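Data block below; observations after.
All of these numbers come straight from a predicted model, not from anything done at the bench.
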Amino acid sequence: MKIEINYQQKDDMPTDKAKVIVEARSFSDDVQSLLKTIEKLDSHTDVVPLAVDDRVVMIQLDEIIAIEVYKNELTVYTQTKVHKLKGKLKEIYQRLNNGDFIQISKSALINLNHLSSLEASFSGNMLAFMDNDEKLTVSRKYLPQLKESLGM
């Protein structure tokens, strides 16, 4: 799908508001995907609350490097700490709605802004090297989505 983008200045609109109109021949899958992406931008938040032990910790999204799950325990790697909490990877992935996070395996998410490099690994998998020297396996199933997100 080819997208044409136009900007029009409207002096009578509030400074904290923007209006987006999507025009297309039909309500195709591409159009639906575009609308969902725009909706995610509207509900964008910079902080995610995490229930760690007996308290709620507010974590800046750009501080999160990666998240792994083992059974029902999540490990959240940030630039300064490692937080362990109960939860499901799917649920936290839905809360991280800014487009910087991508699932790389059944048990891990990464923040693309903290990805240093990728290296070929065994059996078609890849290793993702993160800013904090963490190495995570990118499974073959999730590799095409990662490559697409990186523009490869």
Side-chain angles (χ1 to χ4, degrees), residues 1-6 18 20-152:
M1 173 170 82
K2 183 166 173 33
I3 298 175
E4 178 184 326
I5 300 173
N6 294 309
V20 177
I21 298 172
V22 177
E23 296 177 339
R25 182 179 199 123
S26 66
F27 195 60
S28 66
D29 290 341
D30 287 339
V31 172
Q32 290 177 47
S33 177
L34 178 61
L35 291 172
K36 285 180 184 176
T37 301
I38 294 169
E39 285 175 5
K40 283 182 183 179
L41 291 173
D42 187 40
S43 63
H44 174 71
T45 181
D46 293 333
V47 178
V48 64
L50 299 178
V52 179
D53 298 324
D54 293 333
R55 58 191 194 133
V56 175
V57 179
M58 303 304 282
I59 306 289
Q60 295 285 330
L61 289 182
D62 58 357
E63 293 272 317
I64 298 173
I65 295 171
I67 302 171
E68 287 186 295
V69 67
Y70 179 71
K71 295 189 178 179
N72 69 338
E73 183 178 79
L74 292 169
T75 304
V76 179
Y77 299 95
T78 68
Q79 293 176 331
T80 56
K81 290 184 178 180
V82 175
H83 299 282
K84 296 205 180 261
L85 60 141
K86 301 287 183 212
K88 295 180 181 176
L89 194 65
K90 182 180 179 179
E91 291 171 1
I92 198 161
Y93 188 32
Q94 290 171 343
R95 292 171 47 199
L96 304 173
N97 58 2
N98 71 353
D100 292 336
F101 293 88
I102 188 160
Q103 190 163 358
I104 60 165
S105 69
K106 207 163 83 169
S107 62
L109 302 173
I110 62 169
N111 183 337
L112 292 172
N113 297 321
H114 293 283
L115 177 63
S116 296
S117 63
L118 291 168
E119 185 178 292
S121 182
F122 300 106
S123 67
N125 293 340
M126 294 194 88
L127 278 177
F129 292 88
M130 308 305 291
D131 286 353
N132 65 343
D133 296 326
E134 195 71 34
K135 295 177 211 165
L136 301 163
T137 301
V138 180
S139 70
R140 288 180 292 170
K141 176 181 176 181
Y142 294 92
L143 191 57
Q145 183 183 355
L146 175 61
K147 284 184 174 181
E148 182 181 324
S149 295
L150 295 173
M152 298 173 64

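Atom CG of residue Asp29 and atom CG of residue Leu34 lie 12.5 Å apart, to the nearest 0.5 angstrom. We find the CG-CD1 distance between Asn111 and Ile65 to be 8.0 Å, quoted to the nearest 0.5 Å. Leu50 CG to Ile64 CD1: the interatomic distance, rounded to the nearest 0.5 Å, is 6.0 Å. Taken from NZ in Lys90 to NZ in Lys106, the straight-line distance is 13.5 Å, to the nearest 0.5 Å. Here the NZ atom belonging to Lys141 is positioned 13.5 Å from the CD1 atom belonging to Ile104, to the nearest 0.5 angstrom. For the atom pair Tyr142 OH and Ile102 CD1, the distance stands at 10.5 Å (nearest 0.5 Å).
Side-chain atoms of Val52 and Val76, non-hydrogen and from C-beta on, never get closer than 4.5 Å to each other. In this structure, Val138 and Leu118 have side chains that are in contact, with non-hydrogen atoms separated by less than 4.5 Å. Using a 4.5 Å heavy-atom cutoff, the side chains of Ile67 and Leu74 are in contact. Side-chain contact check for Asn132 versus Gln79: every heavy-atom pair is 4.5 Å or farther apart. Two residues are said to be in side-chain contact when any heavy atoms from C-beta on lie closer than 4.5 Å; Gln103 and Leu89 meet this criterion. Counting heavy atoms from C-beta on, the side chains of Leu136 and Glu68 come closer than 4.5 Å. Using a 4.5 Å heavy-atom cutoff, the side chains of Met126 and Leu146 are not in contact. Using a 4.5 Å heavy-atom threshold, the side chains of Glu119 and Lys135 count as separate.
Nearest heavy atoms, Ile59 versus His83: CD1-NE2, 3.4 Å. When all heavy atoms of Ser105 and Ser139 are compared, the pair lying nearest together is CA-OG, 3.8 Å. Val56 and Pro49 get closest at one heavy-atom pair: CG1-CB, 3.7 Å. Summarising the geometry of Phe101 relative to Leu61, their closest heavy-atom pair is CZ-O, 3.5 Å, with the distance given to 0.1 Å.
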### Task
Please lay out, stage by stage, how Ile110 and Leu115 fare under the test side chain to side chain contact (heavy atoms under 4.5 Å, CB included).
CA-CA 8 Å; Ile110 62 169; Leu115 177 63; 4.2 Å; yes
### Query
After noting the C-alpha distance and the side-chain angles of Val69 and Tyr93, does the key distance pass the side chain to side chain contact (heavy atoms under 4.5 Å, CB included) rule?
CA-CA 11 Å; Val69 67; Tyr93 188 32; over 6 Å; no
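By the 6.0 Å contact criterion, CG on Asp53 is open, its count of non-hydrogen atoms from other residues, nucleotides or ligands being 12 or less. Residue Gln32 places its CD atom among more than 12 non-hydrogen atoms of other residues, nucleotides or ligands, all under 6.0 Å distant.
Judged by distance alone, the side chains of Ser116 and Asp131 do bring a donor and an acceptor atom under 3.5 Å apart.
At distances below 3.5 Å, at least one donor-acceptor pair connects side-chain atoms of Ser149 with backbone N or O atoms of Gln145. Distance alone, capped at 3.5 Å, places no donor-acceptor pair between the Asn125 side chain and the Thr137 backbone.
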